[in-house]
Amino acid sequence: MAGLSCRVTVALLGALLLGAARLPRGTDASEIVLPPGSSITVLIKQGTPDLPAKPCYIVVSRRHLTVLFIKAGEKVVVTFTCQNPEKHFVLEIQKNIDCVSSSCPLGEIQLQPSISALPTLNRTFTWDVKGSKSMGLELQFSAPRLRQIGPGESCEDGVTHSISGHINTALVRIGTFCRNGTVSRIKMQEGVKVALHLPWFYHRNSSGFSIANHSSIKRLCVIESEFEGEGSATLMSANYPEGFPEDELMTWQFIVPAHLRASVSFLSFNVSNCEKKEERVEYYIPGSTTNPEVFKLEDKQPGNMAGNFNLSLQGCDQDAQSPGILRLQFQVLVQHPQNESNKTYVVDLSQERTMSLTIEPRPVKQSRKFVPGCFVCLESRTCSSNVTLTAGSKHKLSFLCDDLTRLWVNAEKTISCVDYRYCHRKTYPLQVPSDILQLPVQLHDFSWKLLVPKDRLSLVLVPAQKLQQHTHERACNTSFSYLVTSSAPSHDLYFGAFCPGGSVEQIQLKQNSSVTLRTFAPSFQQEASRQGLTVSFIPYFKEEGIFTVTPDTTSKVYLRTPNWDRGLPALSSVSWNISVPSDQVACLTFFKERTGVVCQSGRAFMIIQEQRSRAEAIFSLEEEVLPQPSFHRHNFWVNISNCSPASGKQLDLLFWVTLTPRTTDLPVVIIAVVGGGALLLFALGLIIYLVKKKKKKMNKGPAVGIYNGNINTHMPGQPKKFQKGRKDNESHVYAVIDDTMVYGHLLQDSNGSFLRPEVDTYRPFQGPMGDFPPSPPPICSRAPTAKLTTEEPPSCIPSESESEPYTFSHPNKGDTSNRDTDIPLLDTQEPVEPAE
Ligand SMILES: *[C@@H]1O[C@H](CO)[C@@H](O)[C@H](O)[C@H]1NC(C)=O
Ligand SMILES: *[C@@H]1O[C@H](CO)[C@@H](O)[C@H](O)[C@H]1NC(C)=O
Ligand SMILES: *[C@@H]1O[C@H](CO)[C@@H](O)[C@H](O)[C@H]1NC(C)=O
Ligand SMILES: *[C@@H]1O[C@H](CO)[C@@H](O)[C@H](O)[C@H]1NC(C)=O
Ligand SMILES: *[C@@H]1O[C@H](CO)[C@@H](O)[C@H](O)[C@H]1NC(C)=O
Ligand SMILES: *[C@@H]1O[C@H](CO)[C@@H](O)[C@H](O)[C@H]1NC(C)=O
Ligand SMILES: *[C@@H]1O[C@H](CO)[C@@H](O)[C@H](O)[C@H]1NC(C)=O
Ligand SMILES: *[C@@H]1O[C@H](CO)[C@@H](O)[C@H](O)[C@H]1NC(C)=O
Ligand SMILES: *[C@@H]1O[C@H](CO)[C@@H](O)[C@H](O)[C@H]1NC(C)=O
Ligand SMILES: *[C@@H]1O[C@H](CO)[C@@H](O)[C@H](O)[C@H]1NC(C)=O
Ligand SMILES: *[C@@H]1O[C@H](CO)[C@@H](O)[C@H](O)[C@H]1NC(C)=O
Ligand SMILES: *[C@@H]1O[C@H](CO)[C@@H](O)[C@H](O)[C@H]1NC(C)=O
């Protein structure tokens with residue numbers, strides 16, 4: 001073997017000293033041994049270009065030849081007559097591998113005979129693998145991977161792989177490849193021929209690829225390209241620049257790192273004349289909802305794709321007369337995303353326990369139009385179109401998306417109180433964390449689920465800036481609103497949308513609720529400083545919600561009942577605590593004349609109560625017209641309580657409050673301010689008289705059921721619903737209502753006969769004055785409160801009340817007497833103590 005290595009050295013030297021013809025390289029003998037049964041043949045022939053200045057011959061056993069063919073089982077010693085045979089001759093080594101019969105030696109492909117045993121000529125090793133028709137074969141190329149070259153191009157180092165296959169008997173060229181590229185695998189069907197060209201000065205001892213069998217690929221071939229970083233690949237259809245075989249299918253697969261994006265562009269193509277079917281390309285793109293995405297070759301091809309994708313070229317049945325030509329040369333460009341680039345965002349949820357955040361595609365109308373992938377990547381590795389970040393860890397995000405407005409963020413956080421003793425009066429901020437605000441994706445919803453122990457605690461929301469309720473009349477124009485919903489076991493109650501810049505100072509919610517900050521415009525990012533809401537756990541109360549409203553002098557305050565459009569839920573009650581500055585008069589106006597509610601059972605009521613005087617006016621919402629605009633000099637309550645309405649006859653109320661500077665000559669105010677003056681008494685007496693007269697004309701059927709038994713407020717911590725007896729003289733100043741005047745018509749028993757109301761009793765409501773909203777009245781059995789004016793015995797008279805004026809009943813002196821009662825309006829069949 002010493003001679004052998006000597007020859008190698010000499011050859012190497014020759015490579016280094018090209019053209020140094022004095023070296024006796026050509027005269028060294030090579031012994032070529034082809035083992036029997038190896039299916040290897042070797043051909044030495046004159047290459048092109050031949051330089052015939054000085055002829056050169058192959059010398060075998062002293063014979064001079066211009067071509068030499070060696071078969072398996074032969075052993076030949078070869079020398080040349082010239083010193084630079086590589087300029088004259090080339091070497092072709094062919095090995096046939098038969099995979100149709102049983103023996104199919106696959107795996108790592110060896111160079112056989114080894115390079116060192118061959119003369120230093122340009123060498124082409126050809127492996128011809130024959131498979132059965134349905135057999136797939138997979139060529140795997142170790143790094144460096146392959147780069148396809150077009151016609152007329154050559155490889156820098158002169159090493160080329162030419163790959164071809166068969167369709168029946170016709171040879172199909174798949175392509176010619178250099179050693180420096182992205183193609184890692186080529187799958188063929190039926191058989192494959194690989195020709196590896198190594199120039200004479202190139203001393204590689206391995207083929208650099210292996211062959212494996214594979215299940216049927218059901219197409220001409222599959223070419224797999226794997227990108228490890230930014231880069232591009234130019235690829236061509238089979239037989240390029242000649243025509244793609246008729247009615248064939250060829251697929252390219254692309255493996256692209258998650259943090260990069262791929263774009264396809266067609267550099268040149270031609271289409272043939274199709275008789276049947278259509279020539280097209282089809283893509284499988286991760287995240288696309290319309291895979292396969294089908295394109296014509298003329299179309300603009302997809303770009304900015306994240307993730308692995310594949311592309312197939314489908315031919316057609318060509319017109320036999322004028323087939324035309326289908327061919328395609330295209331480029332895949334893989335690069336860092338251009339717009340929201342490769343920036344990394346950190347969302348730190350490590351301090352959170354009950355928060356989760358989802359970045360997901362906005363819902364869009366499905367269309368066949370191609371949309372490039374739009375992805376969120378975690379740690380730049382795993383990309384997905386819908387990512388959920390969980391509490392307890394820190395997340396690193398990047399985005400792969402041409403248009404980030406296609407995504408939005410939804411987040412949810414739960415604030416719950418398990419032990420009321422611990423949470424009572426505790427306050428929590430409802431604030432979108434800055435980590436979410438800094439994301440390049442718009443926040444859609446941030447929801448806080450607020451959970452309280454049943455019947456123990458309620459909630460109060462206090463905004464940093466007073467809120468405006470969104471109504472048709474005054475729509476929110478901010479970039480975000482708070483949507484407030486409480487979740488009762490039987491129904492969800494939507495309180496409405498509230499945005500900063502209004503008059504609502506706080507919202508009290510009876511039970512488990514959710515507050516959702518919803519954004520409506522990307523400008524939220526700039527306006528985010530206007531958010532700010534705190535929630536506190538407060539003692540339980542029984543109304544669904546209480547709004548505290550402090551109007552300002554500059555604008556109308558529009559307010560509407562919860563569940564607008566769907567109607568206030570059955571048997572629920574809501575109150576508004578409306579403040580009136582001392583130098584102003586508030587005007588309360590209702591939008592509609594009537595509510596349109598029809599009760600199936602129970603009664604729907606509205607109570608308007610002056611907080612200072614406790615004077616109340618009660619309106620049946622079912623029958624009466626809503627009050628005319630009324631003026632209020634002091635803080636007042638509006639309480640609306642629903643019955644069980646007939647379906648389709650829901651209770652919706654819209655009203656507004658305006659402030660005007662206080663003047664003394666407002667006639668309507670007088671009613672509210674008179675403190676027992678005879679004039680008023682006379683006036684009221686007159687009113688009642690008139691009303692009564694009018695009502696007498698009507699008779700009404702039996703009243704139904706208990707009136708809103710579940711909604712009365714009571715002071716937290718006072719378990720008893722009703723207590724007689726009086727204690728604590730200062731703490732209970734109750735409203736006194738002349739039932740007969742305002743809702744006496746309801747005092748009707750089930751037989752349809754009127755109950756005779758008791759006189760000179762009072763109906764305490766609850767809590768210290770001003771602290772709690774008025775409670776709705778009970779049904780018929782309810783005893784009237786202090787009798788005000790007339791001598792006439794009060795009676796239960798149905799009301800027609802079209803023209804009933806807006807009135808306040810007025811408390812008499814007895815009002816200040818007290819009772820330790822919290823639920824005043826139920827269980828009142830028994831006689832009540834007379835007032836003093
Ligand atoms: C040998 O290969 C090289 C590079 O591929 C080529 O330039 C040269 O012409 C070839 N020689 C012959 C004799 O074909
Ligand atoms: C690989 O190919 C690229 C062109 O695609 C070329 O710029 C580069 O020099 C080549 N590298 C080697 C080692 O051949
Ligand atoms: C090829 O050459 C390398 C060294 O360059 C050697 O390690 C390896 O064993 C050789 N392989 C064959 C099949 O001769
Ligand atoms: C590959 O060949 C082996 C042995 O020839 C056979 O057992 C195996 O099933 C083949 N696999 C496929 C995918 O054709
Ligand atoms: C291929 O298409 C190009 C335009 O894309 C056209 O100029 C050329 O003539 C076509 N070639 C053939 C053979 O149809
Ligand atoms: C193309 O990609 C799709 C989806 O990943 C896959 O179902 C299909 O098998 C692929 N086709 C080929 C030929 O690789
Ligand atoms: C970046 O986005 C803008 C608008 O969204 C678009 O007009 C522009 O073409 C994009 N640039 C790149 C390089 O994708
Ligand atoms: C981000 O992209 C730029 C080009 O768009 C590139 O130069 C840079 O290396 C990338 N950074 C990272 C961390 O990938
Ligand atoms: C995203 O994932 C979440 C959780 O798996 C799911 O609730 C949501 O519907 C998904 N969004 C889309 C647009 O698929
Ligand atoms: C509120 O939610 C908590 C926790 O889910 C539950 O225990 C409680 O019963 C709910 N309250 C009501 C009134 O449903
Ligand atoms: C939003 O409405 C308020 C009044 O409700 C007005 O003062 C303000 O200028 C409006 N802002 C915009 C941006 O329209
Ligand atoms: C009603 O509103 C006034 C003024 O905002 C406030 O002082 C009072 O405490 C409120 N009452 C209740 C019961 O919330």
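Read the numbers this way: they start at 1 and go in the same order the structure lists the ligands and their atoms.
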Requested in this report: Please assess Ser447 against Thr516 for the test side-chain hydrogen bond (donor to acceptor under 3.5 Å, both in side chains), listing each intermediate value before the final yes or no.
Outcome: CA-CA 4 Å; Ser447 285; Thr516 299; 2.7 Å; yes
Enumerated ligand 6 atoms positioned under 4.0 Å from heavy atoms of [X]:
| X | result |
| --- | --- |
| Arg219 | 13 (C) |
| Tyr284 | 1 (C), 2 (O), 3 (C), 4 (C) |
| Gln253 | 12 (C), 14 (O) |

Report task. Check whether any N or O atom of Asn310, backbone or side chain, sits under 3.5 Å from an N or O atom of ligand 6, and answer yes or no. Result -> yes
Report task. Ignoring angles and geometry beyond distance, decide whether Thr251 reaches within less than 3.5 Å of ligand 6 through its nitrogen or oxygen atoms. Result -> no
**Report entry** Residue of the set Thr176, Thr182, Val183 for which side-chain contact (heavy atoms from CB on, under 4.5 Å) holds with Leu146
**Finding:** Val183
Report summary line: Given the options Leu378, Leu357, Thr358, Val387 meets side-chain contact (heavy atoms from CB on, under 4.5 Å) only with Leu378
Give the atom numbers and elements of ligand 10 that come within less than 4.0 Å of a heavy atom of [X].
| X | value |
| --- | --- |
| Gln511 | 13 (C) |
| Lys454 | 9 (O), 13 (C) |
| Leu451 | 2 (O), 4 (C), 5 (O) |

Determine whether the aromatic ring centres of [X] and [Y] lie less than 6.0 Å apart.
| X | Y | result |
| --- | --- | --- |
| Trp252 | Phe330 | yes |
| Phe295 | Tyr283 | yes |
| Phe309 | Phe254 | yes |

Query raised in the report: Listed by chain and number, what are the side chain to side chain donor-acceptor pair (under 3.5 Å) partners of Lys413, not counting sequence neighbours?
Result: Glu352
Query raised in the report: Taking heavy atoms and a distance under 4.0 Å, where does Val452 meet ligand 10: side chain, backbone, both or neither?
Result: backbone
**Report entry** Whether Phe141 and Phe209 hold their rings parallel, tilted or perpendicular, with breakpoints at 30° and 60°
**Finding:** tilted
Query raised in the report: Any side-chain heavy atom of Leu311 within less than 4.5 Å of one from Leu313?
Result: no
Please tabulate protein-ligand N/O pairs under 3.5 Å for ligand 5, atom names and distances to 0.1 Å.
unit_1: ligand 5; atom_1: 2 (O); unit_2: Asn270; atom_2: OD1; d: 3.4
unit_1: ligand 5; atom_1: 2 (O); unit_2: Asn270; atom_2: ND2; d: 2.2
unit_1: ligand 5; atom_1: 11 (N); unit_2: Asn270; atom_2: ND2; d: 2.8
unit_1: ligand 5; atom_1: 14 (O); unit_2: Asn270; atom_2: ND2; d: 3.2

Query raised in the report: Taking the six-membered ring of Tyr428 as reference, does the NZ or CZ atom of Lys426 fall below 6.0 Å from its centre and within a 45° cone about the axis?
Result: no
